[in-house]
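Everything numeric in this text was worked out from a predicted model, so none of it was measured. Letters A, B, ... mirror the listed sequences (proteins, then strands); counts begin at 1.
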Number of protein chains: 2
Amino acid sequence: MKLYETLAAELAQSIQDGVLRLGDRLPSVRQASSSREVSPSTVFQAYYLLEARGLIRARERSGYYVAIGAQTLPPEPQQASQPNEDSATVDISELVFEVLESAKMREVVPLGSAFPSPLLFPMARLAKVMASSVQQLDPWSSVDDLTPGNPQLRRQIALRYLADGLHVQPDEIVITNGALDALNLCLMAVTRPGDAVLVESPTFYAALQSLERNGLRAIEVPTHPREGIDLTALARVLEKHQPKACWLMTNFQNPLGSLMSDEKKRDLVELLGRHDIPLIEDDVYGELYFGDKRPAPAKAFDTKGLVMHCSSFSKCLAPGYRVGWAVPGRYTRAVARHKLTTTLAASAPAQAALVAYLEKGGYDRHLRQLRHTLAVQQTQFMEAIARYFPAGTQATRPKGGYFLWVELPNNIDALSLHKQALAQGISIAPGPIFSAHHGFTNCIRLNYGHTWDARTEAALATLGQLVAQNL
Amino acid sequence: MKLYETLAAELAQSIQDGVLRLGDRLPSVRQASSSREVSPSTVFQAYYLLEARGLIRARERSGYYVAIGAQTLPPEPQQASQPNEDSATVDISELVFEVLESAKMREVVPLGSAFPSPLLFPMARLAKVMASSVQQLDPWSSVDDLTPGNPQLRRQIALRYLADGLHVQPDEIVITNGALDALNLCLMAVTRPGDAVLVESPTFYAALQSLERNGLRAIEVPTHPREGIDLTALARVLEKHQPKACWLMTNFQNPLGSLMSDEKKRDLVELLGRHDIPLIEDDVYGELYFGDKRPAPAKAFDTKGLVMHCSSFSKCLAPGYRVGWAVPGRYTRAVARHKLTTTLAASAPAQAALVAYLEKGGYDRHLRQLRHTLAVQQTQFMEAIARYFPAGTQATRPKGGYFLWVELPNNIDALSLHKQALAQGISIAPGPIFSAHHGFTNCIRLNYGHTWDARTEAALATLGQLVAQNL
């Protein structure tokens, strides 16, 4: 992260924390330059960035003022969930499909979508390197790039981890068809039908669908909307049940956006390690942080090889290419073998294209731009929610990713709201699809990873009206 | 098929059947032209083709003579297998991996490989169309080409079936990551752990690995090395057990190379239909026929939607791209949903590249060349086996594909032979990996889909010697 970005992030945090309030005047460029010991141009760049994000505004001959304040954002939910902690068979897949299929049409405003806008990715640049790399593709790549996958790609992934201070060897990595494949293969490696698996509450519906398909039971663990899974509750559930795995998201959890602190991640790994329970870690959003550095994955604290870390390029770089990976620790061989007997390998030309792109450089520049765009759009969404949604609406303020979790007044039925919104050409992801118990009936997940424009704002206004009508 | 190819195929058949024998003189070009009512140049082209395949030889000023005869080929095995027909838990995967992993090194002569040589495919042409298609790829393809898959690709596949007289609608097709993915998704859709599934004996080891991974039981059904599964035995087993599915290969079965007649396919579909048992049909080799037309899949005789037909481009066009498909009949929706929750979708640029290639034409020309190459190489392998292997060796004469099934004298231990061969830098696929009962201890599968050259011939000579030493 560049110096001006760090400065901008600090100021943004002060605004979000309410230290700097709506209308407050920022220090002059000369003051800030002197007090922070940075050049005036660094301060200018930071202010320019904050202005672009809508957080501050310049007044002629008067300096910069805070344009939004903590008070213009919807309040944050403060309570961890309180799910039924019994293990439950899962029967959610039909509901999930019903909701998702209805939201596939391009004319629908995709607030319920699971994907960010494909327009946010360097598709033209990727296509260009693919065009060149595929023509140099060794015909034997169809054999050589079989699972565990293209060796150069595994090396590039290991290099990225190394840059973030995490030591992963290329031969600990198994290339997969996206993170979902990686997660499923990890689940296969450590469970058998009838086993119980710990998940967050709420949790990513695809985890529930995987449990259901594999005949596994879900145990939902209380999870805090900002800080992630509740470790006290987790310890309690571990004593009560004999789960075979824990599947969760440490960074910018889907759907909450919660981020576990490094300390909490360390404690989580340690706690599960004491019970010898593998952790299936879904870290697909880790690169989409708005702070000053990539939050560590739980894998960084893994000393026993029990963390099965999964990620992909689908959310950061190359949607549709279907290239992800697992770092499954002591289960690497088992995961690679399941990969070989299910889909054999990821697509060789797609792997080669990613190698060419990653070797050429430009990925970090793209990621900086992407994070900036998402951060700006989050603010725009939050302001719109504050503006258009009735009192009693709360929304999380994730520090990365592209999902907001919105808790509506208690009497709102999110499934009914979903149907009403769809009739108006708007999709949302209703809370019940994120729980084996079909809970969170008054919650919705909103995707702010699509272009902010008049249509999006109008959709949020309509949604706010629908909520008010349902009160 | 062109006229001269038809003529060549007929003559080749006469040679294989022993009607034309080693040393027989072929009719002169003028005679043949007159009796067959074709132009002399058609006869010339046919003779030229047969000469290129090593089946006939020109003698100066004397005409063409049969260069090989039925008597120079190893005898064909004539008996159907006689497996234990009880249902069995499967424990084969470790053995399969042990065998396959040892054979991955490029310096090993890949007689045990499951893949044909990647050099047989139009990789440069594919790369060229991919380079162009990926640069025109709509960013929204990452959404639009999600399962069930790229609409144009599904249309192209449907068109190919139509050309072969099979009516498949694009919306009956689910694009997958290769045929293995398709087969696994079909299996998921119709079974639950503990169920029994009918397979051929011997059967493709990946089928056994899928059963094992899914906690399914295998019932092996007697199978004839030339004509495929024994329907009388199948009827008997259907009465005795309550299988939930039957998984087999109708065309050029792996490992036998057997080909079921159309009549037999019809009877198979009818028999399973009476018991309401879905047929998972692996038809990846159907396009690699040496006869005059593509043999029909069992799907052609499906009136109840019970045939789950699977195929791919991996063995015919684009190894490594990992694009296949399922036509799962009444289970289409279930298969698509399993696809969505396991790996989401096949790679979008790989799908787009295949669309571009298929639309441009050239696939049929490539296939003709590929079939020709494989047919020639089969003959070369068969002759080498006749030449180098001890008496008592039998080999199937598949009418397509790239596998030979070799039955060695009874006291040969194929697993031990595999180890000895590997020590000499040669891989083979030993019989026991093709059976839940680890049977076929004296059998091996040989892959003739790699380049025929002095190294290959030397490998077959070495293998023959090893067999003789083990007698």
Side-chain angles (χ1 to χ4, degrees), chain A residues 93 96-97 100 104 106 113 115 117-119 121 123-124 126-128 130-132 134-146 176-178 180-181 184 188 192-194 206 209-210 212-213 215 314 318-323 337-338 340-350 353, chain B residues 93 96-97 100 104 106 113 115 117-119 121 123-124 126-128 130-132 134-146 176-178 180-181 184 188 192-194 206 209-210 212-213 215 314 318-323 337-338 340-350 353:
Chain A
S93 210
V96 173
F97 281 120
L100 298 187
K104 261 176 72 177
R106 252 200 235 180
S113 163
F115 310 103
S117 167
L119 305 175
F121 300 98
M123 298 312 275
L126 257 179
K128 211 172 152 190
M130 184 175 223
S132 149
V134 72
Q135 299 197 68
Q136 292 157 31
L137 200 64
D138 182 344
W140 289 95
S141 69
S142 62
V143 178
D144 295 345
D145 294 352
L146 282 179
T176 60
N177 295 76
L180 186 58
D181 186 25
N184 276 308
M188 264 182 223
R192 288 174 165 273
Q209 289 179 302
S210 291
E212 180 174 343
R213 202 188 50 251
S314 304
Y321 279 51
R322 305 307 304 141
V323 179
R337 291 188 162 195
H338 283 310
L340 281 166
T341 65
T342 51
T343 58
L344 200 59
S347 188
Chain B
S93 212
V96 172
F97 282 121
L100 298 187
K104 261 178 69 176
R106 249 200 239 180
S113 164
F115 310 103
S117 167
L119 305 175
F121 300 98
M123 299 311 275
L126 257 178
K128 213 173 153 190
M130 183 174 222
S132 151
V134 72
Q135 299 197 68
Q136 293 157 31
L137 200 64
D138 182 345
W140 289 96
S141 69
S142 61
V143 179
D144 296 344
D145 294 351
L146 283 179
T176 62
N177 295 77
L180 186 58
D181 186 24
N184 276 307
M188 264 182 221
R192 289 176 165 271
Q209 289 179 303
S210 292
E212 180 173 343
R213 202 188 49 252
S314 303
Y321 279 51
R322 305 305 305 140
V323 179
R337 290 188 160 193
H338 283 310
L340 281 165
T341 65
T342 51
T343 58
L344 200 58
S347 189

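- Between A:S93 and B:R337, the closest side-chain pair of non-hydrogen atoms is not below 4.5 Å.
- For the atom pair A:L340 CG and B:L100 CG, the distance stands at 8.5 Å (nearest 0.5 Å).
- Contact count against chain B (heavy-atom pairs under 4.5 Å) is highest for A:A345 among A:G178, A:A345, A:S210.
- Proximity to chain B is limited to the side chain of A:L146, based on heavy atoms less than 4.5 angstrom apart.
- When B:M130, B:M123, B:E212, B:Q209 are compared by the number of non-hydrogen pairs under 4.5 Å with chain A, B:M130 comes out ahead.
- Using a distance-only test at 3.5 Å, with no hydrogens or angles considered, a donor-acceptor pair links the side chain of B:N184 to the main chain of A:T341.
- Proximity to chain B (any heavy atom under 4.5 Å) is shown, for A:P319, by both the backbone and the side chain.
- The greatest number of non-hydrogen atom pairs below 4.5 Å with chain A, out of B:A348, B:A127, B:P118, B:S142, is found for B:P118.
- Proximity to chain A is limited to the backbone of B:A346, based on heavy atoms less than 4.5 angstrom apart.
- Considering every non-hydrogen atom in both A:Y321 and B:S347, the closest pair reads O-OG, 2.9 Å.
- For chain A, no part of B:S141 is nearby; none of its heavy atoms comes within less than 4.5 Å.
- In this structure the side chain of A:R106 reaches within 4.5 angstrom of the side chain of B:D144, judged on heavy atoms.
- Using a 4.5 Å heavy-atom threshold, the side chains of B:L344 and A:R322 count as touching.
- Of the two parts of A:A318, neither the backbone nor the side chain holds a non-hydrogen atom closer than 4.5 Å to a non-hydrogen atom of chain B.
- With a 4.5 Å cut-off on side-chain heavy atoms, B:T343 and A:T343 count as touching.
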